[in-house]
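First up is the structure itself, then whatever we jot down about it.
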Protein chains: 2
Amino acid sequence: MAKVSQTQRLRDLLEDAIIQGRYPPGGRLDPEALEREYQCSRTPVREAIQQLAMSGMVRVVPKRGTFVTQLSVAELVERFEVMAELEGMCARLAARRITEDELMGLREAHEACRRMAAAGDANGYYYENGVFHQRIYEASHNHFLAQEASRLHAVLQPYRRMQLHMRHRLERSLTEHEAVLTAIAEGDGQRAEAEIKSHVQIQGERFNDLVASVQQLQQTGSD
Amino acid sequence: MAKVSQTQRLRDLLEDAIIQGRYPPGGRLDPEALEREYQCSRTPVREAIQQLAMSGMVRVVPKRGTFVTQLSVAELVERFEVMAELEGMCARLAARRITEDELMGLREAHEACRRMAAAGDANGYYYENGVFHQRIYEASHNHFLAQEASRLHAVLQPYRRMQLHMRHRLERSLTEHEAVLTAIAEGDGQRAEAEIKSHVQIQGERFNDLVASVQQLQQTGSD
DNA sequence: TATACAACATTTGCATACAAGATATAGATG
DNA sequence: CATCTATATCTTGTATGCAAATGTTGTATA
């Protein structure tokens with residue numbers, strides 16, 4: 001049943017690897033290494049890379065090579081701004097449209113986050129946090145919106161990860177989730193939107209943290 | 001200077017053709033015909049089509065061929081819902097961030113729309129309307145947002161076109177533009193957002209018009 | 001006449017060869 | 001020692017061949 005093309009397989013694998021930070025932002029993707037690693041020719045590699053480029057995960061610098069997208073601070077701010085808006089829209093719609101089953105699923109995702117936060121497991125939280133947000137996207141009952149939100153979320157994942165390792169970020173994040181969940185459960189779209197926007201937005205000290213992280217990343221990646 | 005790859009050239013050409021309705025939604029894209037028409041081999045054609053598929057302009061039905069995307073009513077509603085949100089965000093930001101020069105450009109675009117409406121030139125209006133919206137995207141000073149808005153705008157163009165041919169739609173549209181422009185000029189982000197949202201959103205009778213148009217289109221395309 | 005099976009055509013995915021453009025490096029010359 | 005140039009190498013872009021999967025068509029038989 002899982003009869004997928006090499007191109008698709010490669011694309012998914014690379015995407016996961018990038019999201020999980022196994023290919024660091026700014027790092028070069030060597031086509032020949034990928035050919036050997038995945039036992040295929042240039043064509044699937046090339047196509048997978050093109051598709052990743054389309055979705056913004058990698059950047060192709062003509063005649064220089066393809067690199068994992070390394071967003072500048074300015075580009076990151078732009079994307080977080082849009083992400084906040086999209087998530088806000090998802091939450092607003094979800095508050096109106098979520099089903100009982102979906103609400104249960106969302107609560108479960110929240111509880112999973114709570115367990116990870118309690119255990120101080122940043123990586124585990126990182127994963128469950130993604131599930132929580134994904135559930136909200138889907139509860140918007142706008143498939144296209146959910147898809148776009150997921151795509152942008154994926155691009156931002158490597159940077160979110162850095163945020164989550166910041167001190168006390170887990171507890172704060174969890175508290176914010178709580179507020180979002182409550183608003184959605186009560187069907188209060190306005191509040192759900194406002195809560196998740198402030199959850200996603202990079203503001204105050206977190207902005208400085210982000211700048212610091214990115215700069216460190218760019219130091220590391222440039223050798 | 002314009003040293004672009006065949007793939008890119010083909011992609012842009014096809015995209016334009018689809019946006020301008022020269023390839024009708026639901027219509028099949030014959031790879032061999034494209035090879036001959038653009039004097040190239042299968043590879044660039046294949047890659048261009050893949051990229052268009054990624055951006056949602058065409059759909060590949062396995063072993064059947066690739067077809068210009070024909071959105072169902074449900075899919076259209078979803079996309080217009082997102083479009084309204086993105087445009088709303090653009091307008092809100094533009095109200096705060098627009099420069100004097102950009103504001104002049106926006107006024108000019110609006111005047112161009114007015115001339116076309118006065119002349120009853122629906123196609124001309126259709127074009128200038130695109131310029132007007134594009135200027136707002138750019139005035140948001142969020143390049144990523146502008147890019148995403150443009151992309152979605154492009155996908156929806158064929159369907160907007162149908163709307164513009166509706167009776168009195170031009171004048172209504174112009175009046176709504178006026179309201180948006182005023183709000184932006186006054187720096188009133190909230191109002192600008194609200195105005196452009198109601199301008200973009202498909203509501204009331206326009207929803208029925210849209211359904212009718214799409215159904216007619218699907219009749220025509222299926223023979 | 002309808003159904004099933006087989007041959008055929010189309011489409012897609014993958015590999016590979018070839019060409020062109022750009023960069024880097026090394027050598028030569030000022 | 002620096003700079004310019006030429007060559008080599010690396011990367012991307014394009015063409016094309018081949019094979020596999022699937023859809024289609026036609027024919028034969030019940």
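Quick note on labels: first sequence line is chain A, next is B, and so on, each numbered from 1.
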Give a yes-or-no answer on whether the side chains of [X] and [Y] include a donor-acceptor pair shorter than 3.5 Å.
X	Y	value
Gln6(A)	Arg9(A)	yes
Tyr137(B)	Gln147(B)	no
His133(A)	Glu87(A)	yes

(request) Taking only the side-chain nitrogens and oxygens of Thr7(B), find out if one of them lies under 4.0 Å from OP1 or OP2 of dG13(D). (result)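 No, outside the criterion.
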
d([atom1], [X]; [atom2], [N]) in whole Å:
X	N	atom1	atom2	value
Gln8(B)	dT12(D)	CD	P	14 Å
Arg28(B)	dT10(C)	CZ	C1'	9 Å
Glu47(B)	dC14(C)	CD	C1'	13 Å
Arg11(A)	dC14(C)	CZ	P	12 Å
Gln50(B)	dT12(C)	CD	P	10 Å
Arg59(A)	dT12(D)	CZ	P	16 Å
Leu29(A)	dT12(D)	CG	P	10 Å
Glu35(B)	dA15(D)	CD	P	9 Å

(request) Would you confirm whether Arg161(B), through its side chain, and Gln20(B), through its main-chain N or O, come within 3.5 Å as a donor-acceptor pair? (result)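 Yes, because the side chain of Arg161(B) sits within donor-acceptor range (under 3.5 Å) of the backbone of Gln20(B).
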
Would you classify [X] as touching base, sugar-phosphate or nothing, given that sugar-phosphate means primed atoms plus P, OP1 and OP2, and contacts are heavy atoms under 4.0 Å?
X	value
Arg9(B)	nothing
Gln6(A)	sugar-phosphate
Arg42(B)	base

(message) Taking atom types as they are modelled, would you say the side chain of Lys63(B) forms a donor-acceptor pair with the base of dT11(C) within the 3.5 Å cutoff?
(response)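 Yes, the side chain and the base share a sub-3.5 Å donor-acceptor pair.
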
Counting side-chain heavy atoms from CB outward, which of [options] is closest to [X]?
X	options	value
Thr66(B)	dT14(D), dT12(C), dT23(C)	dT12(C)
Arg46(B)	dG13(C), dA15(D), dG13(D)	dG13(C)
Cys40(A)	dA15(D), dC14(C), dA15(C)	dA15(C)
Val60(B)	dG13(C), dT12(C), dT11(C)	dT12(C)

(request) Specify the residue among Val61(A) and Thr43(A) whose closest nucleotide of DNA chain D lies further upstream toward the 5′ end. (result)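 The residue mapped nearer the 5' terminus is Val61(A).
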
(request) Look at Lys197(A) together with Glu193(A) and state whether they make a salt bridge at an N to O cut-off of under 4.0 Å. (result)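 Salt bridge present between Lys197(A) and Glu193(A).
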
